[in-house]
Q: 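I have a structure I would like to understand better, so I am pasting it below and will then ask my questions one at a time.
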Amino acid sequence: MMAVLRIAFTWLLIFSSSVAMAKECSSEISCEFRIDSQWNLIHVEGGEQIGVVGKGINNTSMQGAYVMLRSGKYYLVKESDSADRSFMIVPIIKSNKQILFDRVIYFSIEMQESSKRGYEVWSGDELSLGEPRELSKFSWSVASEWQNGFEPSKSSSYNGKVPDGFRIAELTIHNANGRAIGGRTYVYPSKLGATPESLVCFESCPAKSVNFSGSLRGGIGGYPIEMSIAENGSLIRGTYRYQSKGADLNLIGKSVGGKIDLDEYVDSSQKKLSGKFSVVGQGSHFEGIWISQPQGRRLPFFVVPDGI
């Protein structure tokens, strides 16, 4: 989980920039990691312009793959080009001068179950290596071999409330021997469907601590939102926006005794109050009520730290 932001410069940075969305690293975008025209995975130290040649990480072809940058984190992604609708995601770890990975995430659509329910049903598996390995040792063929050795996935176990406007996708965690050792629950907006960009961990997430800070995703009354929050002691400032709209809304509030209260303003001068949030932590996510101002309309609200 992102460290709590405490310096004034960071507060200024948040208010002068929009909430970050996922993007695919390509030849037109400056990223530390990308796939070049020869299907090599390249690392450019410090994220200089992509015109810099960079250093090759992997000798194995990354054909059909791409690098996704999301909330400051990089993911290696490969989506199926067949009718079975599946994709694999490898979170990239930077540790000192090493480029590592310790998880491979697999999601696919369950065609039979989807046919029964009348909407897409997704499930997944995760390889958890325990100790990070060099990304240079990774290949898609090895990832497929790991997947073929997994024990059958556990049946659906999530019995909590699914946020309005979202659906869940459950994932079974396996160790390097293929044994099932746990699970996670993901959510994604119903209208967008499950994609590497839309899925976000909802319960039993990898982060050891969950804080109401940094980049978060969630929804208000079924409408997907993205939020950026900074804390300074008990004081909270930030912005959020609806994914369907580009304009940022400004937030200011406080956290006392585990309860978070936020005021929403349409402008940075804080002259026009447009909403209020009342929020509490619930496991790996935060939930509560948003109340429009001055109308008083109440809608359910939730957010989770943005991560896969």
Q: Quick one: are Glu134 and Leu100 in side-chain contact, heavy atoms under 4.5 Å?
A: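 A side-chain contact under 4.5 Å exists here.
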Q: Counting C-beta onward and ignoring hydrogens, is there a side-chain heavy-atom pair between Glu24 and Met68 closer than 4.5 Å?
A: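 Answer no - side chains too far apart.
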Q: I'd like to know if Lys161 pairs up with Glu287 as an ion pair, taking the criterion as any Lys NZ or Arg NE/NH1/NH2 lying under 4.0 Å from an Asp or Glu carboxylate oxygen.
A: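 Looking at Glu287 together with Lys161, the answer is no, because their closest N to O distance does not fall below 4.0 Å.
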Q: Does the side chain of Ile93 reach to within under 4.5 Å of the side chain of Leu135, using non-hydrogen atoms?
A: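 Ile93 does not reach Leu135 side chain to side chain.
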Q: Please list all pairs passing the disulfide (SG to SG under 2.5 Å) test where one or both residues lie in residues 250-308, with sequence neighbours left out.
A: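 As it turns out, there is no disulfide (SG to SG under 2.5 Å) pair with a partner in residues 250-308 once direct neighbours are skipped.
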Q: State whether the side chain of Asn175 and the backbone N or O of Asn177 hold a donor-acceptor pair below 3.5 Å, judged by distance alone.
A: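 Yes, because the side chain of Asn175 sits within donor-acceptor range (under 3.5 Å) of the backbone of Asn177.
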Q: Let me know which of Tyr106, Trp140, Trp122 forms a ring pair (Phe, Tyr, Trp, His ring centres under 6.0 Å) with Phe87.
A: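 Only one of Tyr106, Trp140, Trp122 forms a ring pair (Phe, Tyr, Trp, His ring centres under 6.0 Å) with Phe87, namely Trp122.
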Q: Looking at every heavy atom in both Met227 and Phe212, which two are closest together, and how far apart are they?
A: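 Shortest heavy-atom separation between Met227 and Phe212 comes out as SD-CZ, 4.0 Å.
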Q: For the residue pair Ser123 / Glu110, report whether a side-chain donor-acceptor contact shorter than 3.5 Å exists.
A: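 Ser123 and Glu110 do have a side-chain donor-acceptor pair below 3.5 Å.
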Q: Donor-acceptor check, side chain of Ser190 to backbone of Gly165, threshold 3.5 angstrom: yes or no?
A: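 Side chain of Ser190 to backbone of Gly165: a pair is present.
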Q: Per the disulfide (SG to SG under 2.5 Å) rule, what does the pair list look like for residues 260-308, sequence neighbours excluded?
A: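 As it turns out, there is no disulfide (SG to SG under 2.5 Å) pair with a partner in residues 260-308 once direct neighbours are skipped.
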Q: Would the Tyr240 and Phe277 ring centres measure less than 6.0 Å apart?
A: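 Under 6.0 Å, so yes.
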Q: For Lys254, give me all partners under salt bridge (charged side-chain N to carboxylate O under 4.0 Å, His left out), at least two apart in sequence or on another chain.
A: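 So Lys254 forms no salt bridge (charged side-chain N to carboxylate O under 4.0 Å, His left out) with any residue.
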Q: Using the test salt bridge (charged side-chain N to carboxylate O under 4.0 Å, His left out), find all partners of Lys78 that sit at least two apart in sequence or belong to another chain.
A: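 Lys78 satisfies salt bridge (charged side-chain N to carboxylate O under 4.0 Å, His left out) with no other residue.
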Q: Tell me, please, which residues at least two apart from Tyr265 pass ring-ring contact (aromatic ring centres under 6.0 Å, His included).
A: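 Tyr265 satisfies ring-ring contact (aromatic ring centres under 6.0 Å, His included) with no residue once adjacent residues are dropped.
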Q: Determine which pairs satisfy disulfide (SG to SG under 2.5 Å) with at least one residue from residues 257-306, sequence neighbours left out, and list them in order.
A: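 Qualifying pairs: none.
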Q: Side-chain contact, heavy-atom cut-off 4.5 Å: Val200 with Asp306?
A: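 Yes, their side chains come closer than 4.5 Å.
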Q: How long is the gap from CG on Asp164 to CD1 on Ile220, to the nearest 0.5 Å?
A: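 Nearest 0.5 Å value for the CG-CD1 distance: 12.0 Å.
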Q: Would you sort out whether Leu76 and Met62 count as a side-chain contact (heavy atoms from CB on, under 4.5 Å), showing the intermediate values?
A: CA-CA 9 Å; Leu76 185 60; Met62 291 288 118; 3.7 Å; yes
Q: For Glu226 and Ser215, what are the C-alpha separation, side-chain angles and deciding distance, and is it a side-chain contact (heavy atoms from CB on, under 4.5 Å)?
A: CA-CA 7 Å; Glu226 296 186 345; Ser215 298; over 6 Å; no
Q: Do Glu79 and Pro196 come within less than 4.5 Å of each other through their side chains, counting heavy atoms only?
A: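 Yes, at least one pair of side-chain atoms sits under 4.5 Å.
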Q: Which heavy-atom pair separates Leu199 from Arg70 by the least distance, and what is that distance?
A: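 Result for this residue pair: O-NH2, 2.6 Å.
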Q: So does Val67 get a backbone contact from the side chain of Arg34, meaning a donor-acceptor N/O pair under 3.5 Å?
A: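 No, Arg34 side chain to Val67 backbone: no donor-acceptor pair under 3.5 Å.
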Q: Please identify each residue that fulfils side chain to side chain donor-acceptor pair (under 3.5 Å) with Ser198, with sequence neighbours left out.
A: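 Ser198 satisfies side chain to side chain donor-acceptor pair (under 3.5 Å) with Thr195 once adjacent residues are dropped.
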Q: For Arg184, check salt bridge (charged side-chain N to carboxylate O under 4.0 Å, His left out) against everything at least two apart and list the hits.
A: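 For Arg184, the residues satisfying salt bridge (charged side-chain N to carboxylate O under 4.0 Å, His left out) (neighbours in sequence not counted) are Glu126.
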Q: Who passes side chain to side chain contact (heavy atoms under 4.5 Å, CB included) against Lys245, sequence neighbours left out?
A: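 Listed in chain order: Tyr242.
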Q: Is a side-chain N or O of Asp36 found less than 3.5 angstrom from the main chain of Gln38, in a donor-acceptor match?
A: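 Side chain of Asp36 to backbone of Gln38, a donor-acceptor pair under 3.5 Å: yes, one is there.
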Q: Between Leu192 and Gln243, is the side-chain contact (heavy atoms from CB on, under 4.5 Å) condition met? List the steps.
A: CA-CA 11 Å; Leu192 297 180; Gln243 289 184 357; 3.5 Å; yes
Q: Start with the C-alpha gap between Phe33 and Ile99, add the side-chain angles, then the distance that decides, and say whether side-chain contact (heavy atoms from CB on, under 4.5 Å) holds.
A: CA-CA 10 Å; Phe33 298 90; Ile99 310 300; 3.7 Å; yes
Q: Any non-hydrogen side-chain atom of Gln270 less than 4.5 Å from a side-chain atom of Asn250?
A: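 Of all side-chain heavy-atom pairs linking Asn250 with Gln270, none is under 4.5 Å.
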Q: Counting distance only, does the side-chain N/O of Glu231 pair as donor-acceptor with the main-chain N or O of Ser213 below 3.5 Å?
A: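 Not at all, since once roles are kept as given, no pair shorter than 3.5 Å links the two residues.
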Q: Only counting residues at least two apart or in another chain, list the ones meeting side chain to side chain donor-acceptor pair (under 3.5 Å) with Trp146.
A: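 Checked Trp146 against side chain to side chain donor-acceptor pair (under 3.5 Å); zero matches.
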Q: Could you check if a side-chain atom of Pro305 sits within less than 4.5 angstrom of a side-chain atom of Asn211, using non-hydrogen atoms only?
A: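 No, side chains not in contact.
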Q: What I'd like to find out is whether the side chain of Ile105 reaches to under 4.5 Å of the side chain of Pro91, using heavy atoms alone.
A: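 Contact flag for Ile105/Pro91 side chains = yes.
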Q: List the atom pairs, with distances to 0.1 Å, where a side-chain N or O of residues 293-303 and a protein N or O form a donor-acceptor pair under 3.5 Å, not counting sequence neighbours.
A:
none

Q: Going by the disulfide (SG to SG under 2.5 Å) test, which pairs reach into residues 194-300, not counting sequence neighbours?
A: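 Passing the test, one end in residues 194-300: Cys201-Cys205.
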